[in-house]
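Here is the naming used below: chain letters follow the sequence lines, and residue numbers restart at 1 for every chain.
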2 protein chains.
Amino acid sequence: MDEQQFLADYDKHQYDSPLLTIDAVLFTYHQECLKVLLVERSNYPERGKWGLPGGFVDLQRDKTLEDTVRRKLAEKTGVEPPYLEQLQSIGNTQRDPRGWSVTVAYTALMAFQSCETHVASVADVQWLELDRVSRMDLAFDHQTIIGLARERMRQKALYSIVPAYALPETFTLPELQHLHEVLIGKPLQKKSFRRRIEQAELLINTGEKRSEGGRPATLYRMKQTSGAYTFVRNLED
Amino acid sequence: MDEQQFLADYDKHQYDSPLLTIDAVLFTYHQECLKVLLVERSNYPERGKWGLPGGFVDLQRDKTLEDTVRRKLAEKTGVEPPYLEQLQSIGNTQRDPRGWSVTVAYTALMAFQSCETHVASVADVQWLELDRVSRMDLAFDHQTIIGLARERMRQKALYSIVPAYALPETFTLPELQHLHEVLIGKPLQKKSFRRRIEQAELLINTGEKRSEGGRPATLYRMKQTSGAYTFVRNLED
DNA sequence: TGAAATAGTGACCTATAGACACTTATTTGT
DNA sequence: ACAAATAAGTGTCTATAGGTCACTATTTCA
């Protein structure tokens, strides 16, 4: 095959490619419960249904897939999330009524407060409680994707402190523990939890305290050592 | 936006999508070393270089991304691999000279023997020793992808017996241990290794033995309990 | 037949996580 | 002002998993 032939085939191939999108499952923790950011679809297909923030790669503006996700999330929340991780790609003929379609799904975490006003100002974007979401009829296979993201975060809660990215900049250990308990779905031993956190050496004692009707809890901040957020095992996890 | 408008936009979007491919890092273990299946590219771009098996989704034949990978691997090896796992998607403007391009990469494992004759009969397909491969100039970012796949397998070797899929149907524990040692890059304690294997209860003693100039080793077979291949922690890992 | 080679086990030691009672520091109620 | 309630944080015992290494077992080969 010569170069000319290749170029002809290349155009053909590109035209026959599956539809490619990205989707993001953005979690946060607010008022003792896990929430996920959803968008009411204004376009066909699935118009009117709620779905994950996401969309097409902008070939001019985006240099990487992560750029696309960050751009899409910034459009909806006003800021870029402090934690972003690729989850999985899903591609088949069934997930989209238009036929063959591939999505690269991401999981992201951010503090509720850091986008509260922006989200409140936009009508079609909302934080929804995860338990309620699981009973909703979402667009495409977004329910499945949220399930995958949740399971991934459950694993993170067992062996890392990644979930802390869903909290505000400073937070207490009882707060973080409760978030982990919500993710894992069962109570944790206070002592064991704190031992793990301590050994990981990823939190900094801010010196400040916060009281809630009992002994005040110490406020911590994450040591931002680019990516060293897992305890024992890395892998993505 | 009405449905007609959408359809117009849809075509536009599809045309402007990044080029989408799949790639597979297929490992095996033969003669005490790790090997990876590579293909000599017969087409532009990167014609003449060696690269990972993979290619475009066939919108007619494939129903899922996994179908695409299985089809591509079967074309090169004659059989479908017993272990296949999605690794990661990589998409940016740099990885392909043609511009924006996305690949969904998979990791696969299979026994050397199960495709030995097929591979030997095809000129442009070859098992190459991993250490040699790392010094080769491969097509696109395939060197990076192989690195990611290798690291993933290293993690698997620490906490699972997934690497056993790179061995023939029956194998001995010393054999499996050596494979794990090659993946991890350092020797393992015989006793600890065997304890883990035993506790996992994923291997069946075939009753047969195989001798190699000493006490004969027991031959084992994998219990194929769809996906229950990890020890303690699941998730990918 | 005994030495070398390889497979497999016994037994002790250490590190880590679970369990849970205890101490500490604050708020609330009288 | 002081006791009770409430929530944070610690001390310590126990269970379990994994590291270490010497020992036993079964084969081949000279």
Whether B:Q189 contacts D:dT20 is assessed here as follows: a side-chain N or O lying under 4.0 Å from the phosphate OP1 or OP2. Is that the case? yes
- Any side-chain N or O of B:Q199 less than 4.0 Å from the OP1 or OP2 oxygen of D:dG18? yes
Exercise. Give a yes-or-no answer on whether the side chains of A:T68 and A:D62 include a donor-acceptor pair shorter than 3.5 Å.
Key: yes
For A:S89 and B:S89, which I'm curious about, is there any donor-acceptor pair between the side chains at under 3.5 Å? yes
So salt bridge (Lys or Arg N to Asp or Glu O under 4.0 Å) across residues 123-150 of chain A, not counting sequence neighbours, yields A:K49-A:D137, A:R95-A:D141
Whole angstroms only, please: what is the [atom1]-[atom2] distance between [X] and [N]?
X	N	atom1	atom2	answer
B:L188	D:dC21	CG	P	15 Å
A:I197	D:dT10	CD1	C1'	16 Å
A:I184	C:dA17	CD1	C1'	13 Å
A:F193	C:dT16	CZ	P	18 Å
B:R196	D:dT20	CZ	P	14 Å

Nucleotide N/O of nucleotides 14-16 of chain D paired with protein N/O under 3.5 Å:
none

Under a 4.0 Å heavy-atom criterion, the protein footprint on nucleotides 5-12 of chain C, written with B, S and -, is BBBBBBB-
Is B:L138 close to B:L128 at the side-chain level, that is, under 4.5 Å between some pair of heavy atoms?
no
Can you tell me how the ring of A:Y83 sits relative to the ring of A:Y165, calling it parallel under 30°, perpendicular over 60° and tilted otherwise? parallel
| query | How are the rings of B:F193 and B:H180 set to each other: parallel, tilted or perpendicular (split at 30° and 60°)? | reply | perpendicular
Side chain to side chain donor-acceptor pair (under 3.5 Å) filter on B:T77, not counting sequence neighbours, yields none
Side chain to side chain contact (heavy atoms under 4.5 Å, CB included) filter on A:V125, not counting sequence neighbours, yields A:L37, A:V39, A:K76, A:V119, A:V122
Requested in this report: Using a heavy-atom cut-off of under 4.0 Å over every strand shown, decide if A:S211 touches base, sugar-phosphate, or nothing.
Outcome: sugar-phosphate
Taken in chain and number order and not counting sequence neighbours, the residues that satisfy salt bridge (Lys or Arg N to Asp or Glu O under 4.0 Å) with B:E151 are B:R154
